[in-house]
Amino acid sequence: MGKKFLLLAGFLLVQAGLSPPSLWPQEAPPQTYIIGDPQGDWGFPSPMSHNPRGPGYLRVSFLFDTLIWKDAHGFVPALARRWEYRPAPPTYTFHLHPSAVWHDGKPLTASDVAFTIDYLKRHPHPWVDVRPIRQVEVAGPHTVRLVLDRPYAPFLEEIAGTMFILPRHIWQDIQDPARFQEPRATVGSGPYKLAEYRRELGLYRFVAFEQYYRGKPVVPELSFVHVGNELLALKGKAVQAAAIPPEAASELKALGFTVASQPHFWCLKLLFNHGRFPMQELAFRRAVARAVDLRDLVSQTVRGHGLPASPGLLPPDSPWYHPPATQYLFDPRASRELLASLGYRPTPEGWERHGQTLDLELLTVPGYARVAEYLKKSLQEIGLRVRLRQVDYTVLDQRVKAQNFDLALSGHGGLGGDPKIINDVVAGPFAAEFLGGYRLPPELARLLTDQLLTLDVAQRRQLVARIQEWLARELPTLPLYFPTQYIAHDGRVPWFFTHGGIAKGIPLYFNKLALLPPGNSLSSP
Amino acid sequence: MISRVLGYLFVLLFVLGLNFTLPRLLPGDPLTALAGEQELILTPEFRQELRQRYRLDQPLPWQVLHYLATLMRGDLGYSFYYHAPVLQIIGPALLWTLLLCGVSFLLSTGLGIMLGVELARRRDRPWTKTVLGVCLVLESLPGFLVGMGLLMVFSLKLGLFPFFGALEVTPAKSGSFGAGVLRHMALPLLTLVLGELPGMALLTRAGMLKILNAPFVLAARARGLGEIRIKYRYQARNALLPLFTRLGLRFGTLLAGAVPVEVVFAYPGAGQLLFQALLKRDYPLIQGLLLVSILAVLAGNALAEWGYRWADPRLREQP
C-alpha cells in the first residue's frame with residue numbers, strides 16, 4: 001500500500017511539471033505584458049475604492065483618464081486637448097477631446113466633468129481636494145469652465161492632472177461609492193478596460209480599449225500580479241517588469257534587461273519631539289545634524305544606493321530643488337559645543353544637566369534598523385546616550401502622532417511633484433502630528449501660503465527656494481537620505497519616468513503614455 | 001457528551017469576546033495603517049469620512065454591540081483595508097489554504113506514518129540511518145529556505161513549475177483550470193510536505209520502537225495474523241497516541257502555519273492575509289480570520305480527542 005501511495009504521489013507531482021506543452025505552455029503569449037508586484041492587491045480598481053497609496057491610484061489610471069496628464073517633460077493633453085487660464089476671476093477653461101468615449105461606448109462630455117467635481121464635493125477622494133473650485137460652468141458639450149475661489153498654483157497638478165473623470169450615467173445614483181465594486185464601476189475613458197480583477201492573487205488584467213481617443217494601445221493586454229520573488233520571476237520571464245533590489249541591478253543588466261533607477265522622490269527623516277527638551281531647541285537639532293556623516297550613512301546602510309538628503313527637504317531631482325546655503329557638515333566637535341551651549345556638561349555616563357543624564361529613545365521600524373544603528377553609533381560618538389526601540393510602522397506612526405517619543409525614523413514620498421507637498425508635510429491639517437508638535441514660525445507660514453497663490457513660475461520658484469532655506473535653518477526634522485530604487489524590464493515597452501512623478505508625484509515608472517501608439521503628441525500645448 | 005458540547009460553547013463565547021478586544025489592544029489605529037505616511041496628503045474630509053464609515057468615531061460598547069449583532073446575522077463585517085465584505089475576502093483565501101494545507105496535512109501525515117513505521121521496523125538496515133539524517137536536516141530547515149531552493153531548481157533552472165500564484169494569470173496560458181491549480185500547487189505543497197513529513201515520521205518511529213516487541217505483538221503473531229495487519233492495526237495504532245496530540249495542534253495552526261511558504265510562492269492563502277491584516281490593523285478582517293482560526297483550533301481539539309478514543313479503547317470508558 002505504501003509503495004503504491006508513494007508512486008501515485010510521485011506520479012502526480014511529475015505530471016504536474018512534465019505534462020505536454022499544449023497543456024502547460026511555458027511562455028506567455030507575446031501580446032501579454034505582466035508587471036510583478038510584491039504587495040499584490042491595491043484595492044478594487046475604481047476611482048473611489050482604490051487603496052489610497054500610489055500603486056492603488058496607478059492601477060486605476062489605466063482605466064480612467066484625467067483632464068490633463070504628464071509625460072517625461074511636463075503636462076500634456078489628456079481628456080482636455082487644450083486649456084486656458086483667465087485671471088479675473090481665476091478660471092480654467094478645458095476643451096475636451098470630441099472623440100473621447102466611455103468604455104461602454106457612450107460619449108464623454110463636459111457634463112461628466114461637472115458631475116465629477118460635484119460628486120467629489122459630496123464624496124471626498126483621498127487625493128483630490130476640489131474645494132478650491134467655486135463654480136463649474138458647462139459652456140458647451142465639450143467645453144467646461146472651472147472658476148476658483150482664488151489663484152491656486154497647484155491646480156493643474158493636484159486637481160486637473162489627478163482627478164479621474166467619472167461617467168455621470170453610471171455614478172449619479174451611487175450613494176456609497178467605496179462599496180460600489182461592480183464591473184460597471186470600472187467603466188472609464190482610459191486606454192484599457194478591466195478584464196479581470198482577483199483580489200487574492202493581486203491580479204489586475206487590462207485589455208486595450210479599441211476606441212481610445214488617442215489610438216489603441218500597442219500592448220493589447222497588460223497585467224499586474226502579486227509575485228513572491230520579483231528577481232526570480234523576471235529571470236524566468238514569468239513577468240516582464242518589476243521593481244528590483246539594488247544589488248540585482250548589474251546582474252539583470254548583464255542578462256539583457258533594461259534597468260532604470262528612479263528619481264529620488266522619497267526621503268527618510270529623523271523626527272524630533274518638539275514638545276520635549278532638548279529636542280525643541282534648535283541648537284540640539286543642529287548638534288544632531290553635525291554628528292551624522294550623511295555620505296557615510298548612505299554608503300554604510302544602503303550600500304551607496306541613495307543620495308544624502310538636502311536639509312531643505314526637496315531632492316536634487318525635483319524641478320523645484322534649491323540647494324540651501326545652510327548645510328550641516330559632519331563635525332562632531334561642533335556638535336559637542338552646541339550641546340554645551342544648552343547647559344549640558346560631558347560626563348563618563350553622557351551629557352548631564354541639572355544632575356540628569358540625557359538619555360534618548362530612538363524609535364525605528366525593522367526596515368530602517370541599520371540606519372538606526374548607525375545613528376546610535378554616531379550620537380554615541382559625541383557622548384549622547386541613545387536607546388533603540390524597534391516597532392512596526394503603525395505603532396511608530398501612532399507614537400509620533402501622540403508625541404510619545406524622543407527621536408523617530410520616518411519617511412515619505414511625493415517630493416517630485418508640486419511643491420505643495422512641503423505645505424502638506426509642514427503645514428497641512430495633520431502636519432503637526434508628523435512633526436512632533438513643531439510650531440511653524442509666522443514668516444515660514446506666510447511663505448507657504450504665498451507659494452500656493454503665486455502662479456508665476458519664476459516668482460514661485462523663488463518662494464520655494466526661500467522655504468527650503470527656512471527648513472534647512474530651522475531643521476524641524478533632519479532629512480537623512482533619498483534612497484535609489486530600481487526597476488528592470490524586458491525593453492518591450494519604452495517606460496519613462498514622469499516629470500515630477502505620475503499625477504501628484506507617484507514615483508513609479510508605469511505611465512500609461514508609454515503604451516500608446518507612436519505619433520501621439522506628447523508635448524505641452 | 002452534552003457537557004463537552006457546553007464546554008466548547010463556553011470557550012467559543014469567551015474567545016469571541018477576546019476576538020473583539022485583542023485587535024483593538026494593538027497599538028496604532030487603522031487609518032494610520034491604511035495610508036501610512038500618505039496620511040499627510042489625505043484630505044481632512046476623506047479622513048473624517050473613513051472614521052464614520054468604519055464606525056471608529058463611535059464609543060467602544062457600540063462597536064461591540066454592532067459586531068455581535070452583525071455576527072448573529074452571519075456577517076463578519078467590512079474590511080477597512082480592502083473596502084469589501086470580510087466574507088468576500090477570506091472566502092477565496094480560506095479555500096486556497098484548505099486546498100494547500102489540507103492536502104499537505106493528509107500527505108505528510110499518511111506518508112510520515114508509513115515512513116516512521118518502516119524506519120522503526122527496519123532499524124537495522126543501513127538506509128534507515130541515512131533517511132533519519134535527512135529527516136533531521138529537513139526538519140531543521142526553515143520552510144522559506146526550502147521553498148526558495150525548490151523555486152530556483154524546478155522553476156528557474158528546469159522551467160517545470162510556475163514562479164508565483166495559484167492560477168494562470170493569462171487566459172491564453174491556462175490549459176484547464178484543474179491543471180493550472182495542480183501545477184501552481186506542486187512546489188508549495190512539496191515545501192510543506194518536506195517540512196512536516198520528517199516530524200511525523202520521527203514521532204511515529206519513536207512510538208513504534210517502544211512497542212515493537214510488546215507482548216500483544218507476540219500474541220498477534222502467534223495467532224497467525226499477517227505482517228501488514230500487525231504493522232498497522234496493532235503496532236502503528238498503539239504508537240499513534242502522541243501523534244494525535246501533534247496532529248490536533250497542527251490542525252489548529254493550519255491557517256497561519258503556511259505563511260512563509262505563501263510568501264515565497266505568493267500563494268493566496270489565509271495565513272498571509274492574516275499577517276497583512278495585523279499589520280494594517282484591519283479589525284474586522286482580523287476578527288473574521290481569528291474566528292475561523294479559533295474554530296479550527298476547537299475542531300482540532302475535538303478531532304484529537306476523538307482520535308485518542310479511537311486508538312485507545314480504554315479511554316472510551318472514561319466519562
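Chain letters run A, B, ... following the sequence lines, proteins first, then strands; residues in each count from 1.
Legend: residues meeting side-chain contact (heavy atoms from CB on, under 4.5 Å) with B:L76, ordered by chain and number and at least two apart, are B:L71, B:V86, B:L87, B:I90, B:L291. For A:E200, the side-chain contact (heavy atoms from CB on, under 4.5 Å) partners two or more places apart in sequence, or in a different chain, are A:R198, B:P92, B:W96, B:P268.
Contact annotation: the side chain of A:R205 never approaches that of B:V169 to less than 4.5 Å [non-hydrogen atoms, C-beta and beyond]. Here the side chains of B:Y81 and A:N51 are in contact, with some heavy-atom distance below 4.5 Å. Within the 4.5 Å cutoff, the side chain of B:M152 has no heavy atoms near those of the A:N229 side chain.
Across all non-hydrogen atoms, the minimal contact from B:A266 to A:G228 is CB-N, 3.3 Å. Minimum heavy-atom separation, A:A238 to B:F164: CB-CE2, 3.7 Å.
Chain B forms the most heavy-atom pairs under 4.5 Å with one residue out of A:V239, A:L232, A:D41, and that residue is A:L232. Ranking A:K420, A:Q39, A:R399 against chain B, the residue ahead of the rest is A:Q39, based on heavy-atom pairs under 4.5 Å.
A side-chain contact (heavy atoms from CB on, under 4.5 Å) with B:H83 is found for one member of A:H50, A:M48, A:Q181 and no other, namely A:Q181.
The NZ atom of A:K235 lies 9.5 Å from the CZ atom of B:F163; values are rounded to the nearest 0.5 Å. Rounding to the nearest 0.5 angstrom, the gap separating the NE2 atom in A:H226 from the CD atom in B:Q272 is 5.0 Å.
Applying the 6.0 Å contact sphere to CZ of B:F275 captures no more than 12 heavy atoms from other residues, nucleotides or ligands.
Of the two parts of A:V227, the backbone and the side chain both hold a non-hydrogen atom closer than 4.5 Å to a non-hydrogen atom of chain B.
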